[in-house]
There are 2 protein chains.
Amino acid sequence: MSKLRLSTFLPYRLSIASNAVSKAIAAAYTERFRLSIPEWRLIAILHEVEDATQQDLVRATLMDKVAVSRAAQMLEENRLVARRQDARDGRALRIRLSERGRALYRRIEPTALEYERRLLAAFGKEEIAQLSEMLGRLAEAAGRLADEDAAD
Amino acid sequence: MSKLRLSTFLPYRLSIASNAVSKAIAAAYTERFRLSIPEWRLIAILHEVEDATQQDLVRATLMDKVAVSRAAQMLEENRLVARRQDARDGRALRIRLSERGRALYRRIEPTALEYERRLLAAFGKEEIAQLSEMLGRLAEAAGRLADEDAAD
DNA sequence: GCGAATTGCTTTCATCTGTGACTATCTAGT
DNA sequence: ACTAGATAGTCACAGATGAAAGCAATTCGC
């Protein structure tokens, strides 16, 4: 009598769902906007905060600093953002959307929301809130778990 | 007035949660059992079905056939599985756990269940069922979404 | 039954990603 | 001031991943 079945194992189910969603979304972003997901994330945040150092972006997106650095370089190359030294801290780069970047964001936003809507078409408002909340708790629990084990 | 905030965007939240969980689990499996997640998945399935072709494993794990091929080779190298030609179909390889593989499985199972338990410690039974079910629906919706777009 | 198409699996190659080392700058303690 | 240590960002490498091509065996259509 086995207690573990892969198909019901939660980490597995989570990974499958996340992969499926990421794949669909990544395909849409790269095809339509020539943007990777890391790049899209930076744009989304920069649209919210207007101006941020890469370190801020690391915190906001939970991405690795190298990933942020690379995405920021790519965006700069494509003139979607401008980067300049922080006045106070010579190490930090302050990044902001260019007009071009802002324009691209305005094109993407409806697409992104539409994707989310289609993805969640079969979910009730209540369910969505619950799901979102549970994902947060899950991420938190996983973080704690990793920390505890690292302490071994 | 912006309608989209990254931190509440569901694909983003899903990706964050999945990454956090995968990372924690992968660390545990590699450290303790010298096993990658794809390898672990094959072992888990093979423990359930006893005997499968790689194609069966592709279907069961939703992994790429290349990933299955590589994981199977690695497991064979470590004598955790045996591979032999299918009697009827000379192309297919039938894979089964070796005694060594079965023994390893028995060591992993409690650990895996314990991880899942710790991950879900703050969740009620009802919640877990709901979460699991919603993840399934989400994966399905994402699959449909990708198919539709591919048809463009 | 013979050639074409399909299927199962492996190999190759191009890309992505994370890690560790490195530079430059900043901060704190003395 | 000077030094030690922390922090921002980049770079270079190595391992992982996936798509495409390849090979071998099988099945299908005529």
Side-chain angles (χ1 to χ4, degrees), chain A residues 15-16 18-20 22-27 29-31 34-42 45-46 51-77 81-96 146 150, chain B residues 15-16 18-20 22-27 29-31 34-42 45-46 51-77 81-96 146 150:
Chain A
S15 164
I16 295 299
S18 174
N19 266 347
S22 288
K23 232 172 161 178
I25 298 240
Y29 287 173
T30 48
E31 265 180 52
R34 307 282 141 193
L35 232 49
S36 70
I37 286 188
E39 287 157 23
W40 148 247
R41 286 183 181 168
L42 293 201
I45 293 290
L46 287 170
D51 187 83
T53 66
Q54 290 190 187
Q55 195 48 231
D56 293 338
L57 295 172
V58 166
R59 275 186 292 270
T61 61
L62 300 185
M63 301 187 332
D64 187 280
K65 65 180 174 167
V66 178
V68 169
S69 172
R70 286 199 265 245
Q73 281 176 43
M74 191 57 65
L75 291 175
E76 185 179 43
E77 247 176 62
V81 304
R83 298 202 289 178
R84 47 202 327 250
Q85 297 267 128
D86 184 289
R88 285 178 281 191
D89 188 334
R91 298 164 302 178
L93 290 173
R94 297 210 77 84
I95 305 185
R96 49 168 58 232
Chain B
S15 165
I16 296 299
S18 174
N19 265 348
S22 289
K23 232 172 163 177
I25 297 239
Y29 287 173
T30 47
E31 261 179 55
R34 306 283 143 193
L35 231 49
S36 70
I37 285 189
E39 288 157 21
W40 148 247
R41 286 183 181 170
L42 294 201
I45 292 290
L46 287 170
D51 185 83
T53 66
Q54 290 190 187
Q55 193 50 46
D56 293 338
L57 294 172
V58 166
R59 275 187 292 271
T61 60
L62 300 183
M63 301 187 334
D64 188 279
K65 63 182 174 166
V66 178
V68 169
S69 172
R70 286 197 264 246
Q73 282 175 40
M74 193 56 66
L75 292 176
E76 185 179 41
E77 247 175 62
V81 305
R83 298 201 290 178
R84 46 199 331 248
Q85 298 266 127
D86 184 288
R88 284 178 283 193
D89 188 334
R91 296 164 303 179
L93 290 173
R94 298 212 75 85
I95 304 183
R96 52 168 57 232

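So you know, we letter chains A, B, ... as the sequences are listed, proteins then strands, and number each from 1.
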Compare the minimum distances between each of C:dA24, C:dT17, C:dC9 and the side chain of A:Arg91, then state the nucleotide with the smallest one.
C:dA24
Can you name the residues that form a side chain to side chain donor-acceptor pair (under 3.5 Å) with B:Gln73, not counting sequence neighbours?
B:Ser69
Residues forming a side chain to side chain donor-acceptor pair (under 3.5 Å) with B:Asp56, sequence neighbours excluded:
B:Thr53, B:Arg59
Set of residues satisfying side chain to side chain donor-acceptor pair (under 3.5 Å) with respect to A:Gln54, sequence neighbours excluded:
A:Arg83
With a 4.5 Å heavy-atom cut-off, do A:Pro38 and A:Met63 have their side chains touching?
yes
For A:Ala92 and A:Asn19, take the nucleotide of DNA chain D holding the closest heavy atom to each; which residue's nucleotide lies nearer the 5' end?
A:Ala92
Is the distance from OP1 or OP2 of C:dT10 to the nearest side-chain N or O of B:Ser69 less than 4.0 Å?
yes
Tell me the interatomic distance from A:Leu93, atom CG, to C:dT23, atom P, rounded to whole angstroms.
18 Å
Under 4.0 Å, counting only non-hydrogen atoms across every strand here, what does A:Arg83 touch: a base, just sugar-phosphate, or nothing?
sugar-phosphate
Could you check if a side-chain atom of B:Glu39 sits within less than 4.5 angstrom of a side-chain atom of B:Leu42, using non-hydrogen atoms only?
no
If you walk 5' to 3' along DNA chain D, what is the first nucleotide with an atom under 4.0 Å of a heavy atom in chain B, and what is the last?
D:dT17 to D:dT26
Nearest whole angstrom, please: distance from the P of C:dT25 to the CG of A:Asp86.
13 Å
Base, sugar-phosphate, or nothing for B:Thr53, non-hydrogen atoms under 4.0 angstrom?
sugar-phosphate
A:Ala72 versus A:Ile95, closest heavy-atom pair with distance:
CB-CD1, 3.9 Å
Per nearest nucleotide of DNA chain C, the residue lying toward the 5' end, A:Gly90 or A:Pro38, is A:Pro38
Whole angstroms only, please: what is the CD-C1' distance between A:Glu39 and C:dC16?
12 Å
For B:Ser15, check side chain to side chain donor-acceptor pair (under 3.5 Å) against everything at least two apart and list the hits.
A:Arg41
Under 4.0 Å from any atom of DNA chain C, heavy atoms only: list the residues of residues 59-68 of chain A that qualify, in numerical order.
A:Asp64, A:Val66
Side chains of B:Leu93 and B:Arg84 in contact at under 4.5 Å (non-hydrogen atoms)
no
Can you tell me the distance, in whole Å, between the CG atom of A:Asp89 and the P atom of C:dT27?
6 Å
Which part of the nucleic acid, if any, lies within contact of B:Arg88, taking any heavy atom under 4.0 Å across all strands shown: a base, the sugar-phosphate backbone alone, or nothing?
sugar-phosphate
Check the distance between C:dT10's C1' and B:Met74's CE and give it to me in whole angstrom.
14 Å
Sequence neighbours excluded, which residues qualify as salt bridge (Lys or Arg N to Asp or Glu O under 4.0 Å) partners of A:Arg96?
A:Glu50, A:Asp51
Rounded off to whole Å, could you give me the CG-to-P distance for the B:Asp56 and C:dG8 pair?
9 Å
For C:dT25 and A:Gln85 - does any side-chain N or O of the residue sit under 4.0 Å from the phosphate oxygens OP1/OP2?
no
